[in-house]
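All values below were derived from every heavy atom in this structure, side-chain atoms included, with hydrogens, water molecules and symmetry-related copies excluded.
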Amino acid sequence: MRVTAAAVNFPDVLLVADSYQISVPTPFVPGSEFAGVIDEVGSETTGFAVGDRVTGTGLFGAFAERVVIDAASVAAIPDAVDDLTAAASGVAHRTAYHTLRSAARLCSGDELVVLGAGGGVGLAAVQLGVALGARVTAVASSAEKLDAAADHGACRVVNHRDGELRAALRAALPDCADVVVDPVGGALSEPAMRTLRRGGRFVTVGFASGVIPRIPLNLVLIKGIQVSGFQFQDVPRAEFERNESELRDLLASARVTPHIDTVYPLSEAAEALRHVADGRAIGKVLISLSSQE
């Protein structure tokens, strides 16, 4: 495949730092998400042809002019979706949508709290939660990130650096929340969990803070909270296909459009990784190769 665009995700930063849950022997090419055009297919490959526009994901290898990848790891890009949008939605939006639909069981009218609402997965969860009919409370670390969340439909915003998060969420949600989606971990998880009503659902997606929280289980017992973690492989096949189809329709119809923060050339891939590592990104950071031959 000839890569036209790639997206930078926080796990890419962790892999480079050898701080991810999986280690990759060096040397390796970073990058887990890309869009591009097929240059060649294997003799036993079906369903794809040279010239097809596709998006793909893998553990590494995307920050390159060309990649070789298993056909099972790519999907066709709808005609109405450009390559930058396709690259920006392959990991964050798929993670957020499967999390909301299959792990959180989000319903129209639910009160949804999204932690890390300025990041890739967090802002995608805000957008998609709104699209699914939820009332979204966005929690982030800066006014700029909260402005972006509000622009994408969050009806309440909370800056967790302005004071105690538990008190701020209690004021914003006096009747409590139905669902919390947490891609951050650290000190934010417990106060967010405390805002759930009895029978609420808490889904952990990752630990962008770098700290795995310690949750007192009496909260789970007393409130009857359902706590789950999201992994793609845990989604039943029928639900997985339903979610993928629904998300494609949302993107193709432009009802949901990824928020692109910055686009770097391939020569500045290290700076793109640093931008994400420093927590400065709002939404997605991309690497464009469309002008390279």
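- In this structure, the side chain of Asp249 does not engage the main chain of Glu246 through any donor-acceptor pair within 3.5 Å.
- Counting only residues at least two apart or on different chains, the side chain to side chain donor-acceptor pair (under 3.5 Å) pairs with a member in residues 81-90 are Thr4-Asp83, Arg53-Asp83, Asp82-Thr85.
- With sequence neighbours excluded, the residues forming a side chain to side chain donor-acceptor pair (under 3.5 Å) with His152 are Gln127, His259, listed by chain and number.
- For the atom pair CZ of Arg2 and CZ of Phe34, the computed distance is 13.0 Å after rounding to the nearest 0.5 Å.
- Under the rule for a side chain to side chain donor-acceptor pair (under 3.5 Å), the partners of Arg105 that lie at least two apart in sequence or sit in another chain are Glu239.
- The ring pair (Phe, Tyr, Trp, His ring centres under 6.0 Å) contacts involving residues 194-231 comprise Phe230-Phe232, where partners must be two or more places apart or lie in separate chains.
- Within the structure, side chain to side chain donor-acceptor pair (under 3.5 Å) contacts touching residues 184-196 (residues at least two apart or in different chains) are Asp182-Ser189, Glu190-Arg194.
- Residue Val181 is tested with Leu112, Leu106, Leu115 for a side chain to side chain contact (heavy atoms under 4.5 Å, CB included); the sole match is Leu112.
- Distance check: Leu132 CG to Arg101 CZ gives 6.5 Å after rounding to the nearest 0.5 Å.
- At least one donor-acceptor pair closer than 3.5 Å links the side chain of Asp70 to the backbone N or O of Ala72.
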Just do the side-chain contact (heavy atoms from CB on, under 4.5 Å) check on Val276 and Asp12 with the steps written out, would you? CA-CA 9 Å; Val276 172; Asp12 301 328; over 6 Å; no
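- Residue pairs meeting the ring pair (Phe, Tyr, Trp, His ring centres under 6.0 Å) criterion with at least one member in residues 55-93, sequence neighbours excluded: Phe28-Phe60.
- Minimum interatomic distance between Leu250 and Ala131 (heavy atoms only, all atoms of both residues): CD2-CB, 4.4 Å.
- Taking CD1 of Ile69 as the reference point, atom OG1 of Thr57 lies at 6.0 Å (rounded to 0.5 Å).
- There is a path of hydrophobic side-chain contacts, each under 4.5 Å, that joins Val184 to Val113.
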Can you check side-chain contact (heavy atoms from CB on, under 4.5 Å) on Ile215 and Val227, steps first, answer last? CA-CA 10 Å; Ile215 300 296; Val227 180; over 6 Å; no
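- Counted within 6.0 Å of CD on Glu44, heavy atoms from surrounding residues, nucleotides or ligands total 12 or fewer; the atom is thus considered open.
- Heavy atoms only, all atoms of each residue included: Ile225 and Leu219 are closest at CD1-O, 3.8 Å.
- Leu188 and Leu169 end up in the same hydrophobic cluster when Ile, Leu, Val, Met, Phe, Trp and Tyr side chains are linked at under 4.5 Å.
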Applying side-chain contact (heavy atoms from CB on, under 4.5 Å), run through Arg280 and Thr262 and close with a yes or a no. CA-CA 10 Å; Arg280 293 181 283 137; Thr262 311; over 6 Å; no
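- Hydrophobic clustering keeps Ile77 apart from Val37 (ILVMFWY residues linked when any side-chain heavy atoms are closer than 4.5 Å, directly or through intermediates).
- Looking at Asn243, its side chain never comes within 3.5 Å of a backbone N or O of Phe240 through a donor-acceptor pair.
- Of the possible donor and acceptor atoms, none in the side chain of Arg201 sits under 3.5 Å from a partner among the backbone N and O of Gln226.
- Pairs engaging residues 207-222 under the salt bridge (Lys or Arg N to Asp or Glu O under 4.0 Å) rule: none recorded [sequence neighbours left out].
- Contact check for Leu165 versus Val139: side-chain heavy atoms found under the 4.5 Å cut-off.
- Lys223 places a side-chain N or O within donor-acceptor distance of the main-chain N or O of Leu196, the cut-off being under 3.5 Å.
- In this structure a side-chain-to-backbone donor-acceptor pair under 3.5 Å is present from Thr95 to Val91.
- In this structure, the side chain of Glu33 engages the main chain of Gly90 through a donor-acceptor pair within 3.5 Å.
- Legend: side chain to side chain donor-acceptor pair (under 3.5 Å) pairs involving residues 157-167, not counting sequence neighbours: none detected.
- Atom OG1 of Thr55 and atom CG of Leu251 lie 10.0 Å apart (nearest 0.5 Å).
- With sequence neighbours excluded, the residues satisfying side chain to side chain contact (heavy atoms under 4.5 Å, CB included) with Ala272 are Val8, Tyr264, Val285, Ile287.
- Cluster annotation: Val263 is not connected to Leu266 through the hydrophobic network of ILVMFWY side chains, with a link wherever side-chain heavy atoms come within less than 4.5 Å.
- If you chain together hydrophobic residues whose side chains sit under 4.5 Å apart, Val220 and Val205 never meet in one group.
- Counting only distance, with no hydrogens or angles, the side chain of Ser102 and the backbone of Thr99 share no donor-acceptor pair below 3.5 Å.
- Every side chain to side chain donor-acceptor pair (under 3.5 Å) that Arg274 has, sequence neighbours left out, goes to Glu271.
- Pairing each heavy atom of Ala117 with each of Ala140, the nearest pair is N-CB, 4.2 Å.
- Not counting sequence neighbours, the partners of Ser23 by the side chain to side chain donor-acceptor pair (under 3.5 Å) test are Asp18.
- Sorted by first and then second residue, the side chain to side chain donor-acceptor pair (under 3.5 Å) pairs with a member in residues 131-140 read Glu111-Arg135, Thr137-Arg156; sequence neighbours excluded.
- Rounded to the nearest 0.5 angstrom, Leu146 CG and Asp151 CG are separated by 11.0 Å.
- Here the CZ atom belonging to Arg248 is positioned 9.5 Å from the CZ atom belonging to Arg94, to the nearest 0.5 angstrom.
- Across every non-hydrogen atom of Lys284 and Gly120, the tightest pair is CD-CA, 4.1 Å.
- Closest approach of Pro30 to Val16, counting heavy atoms only: CG-CG2, 3.9 Å.
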List the steps and the verdict of side-chain contact (heavy atoms from CB on, under 4.5 Å) for Glu65 and Leu289. CA-CA 7 Å; Glu65 295 176 350; Leu289 298 90; 4.2 Å; yes
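- Minimum heavy-atom separation, Ala125 to Leu100: O-CD1, 3.8 Å.
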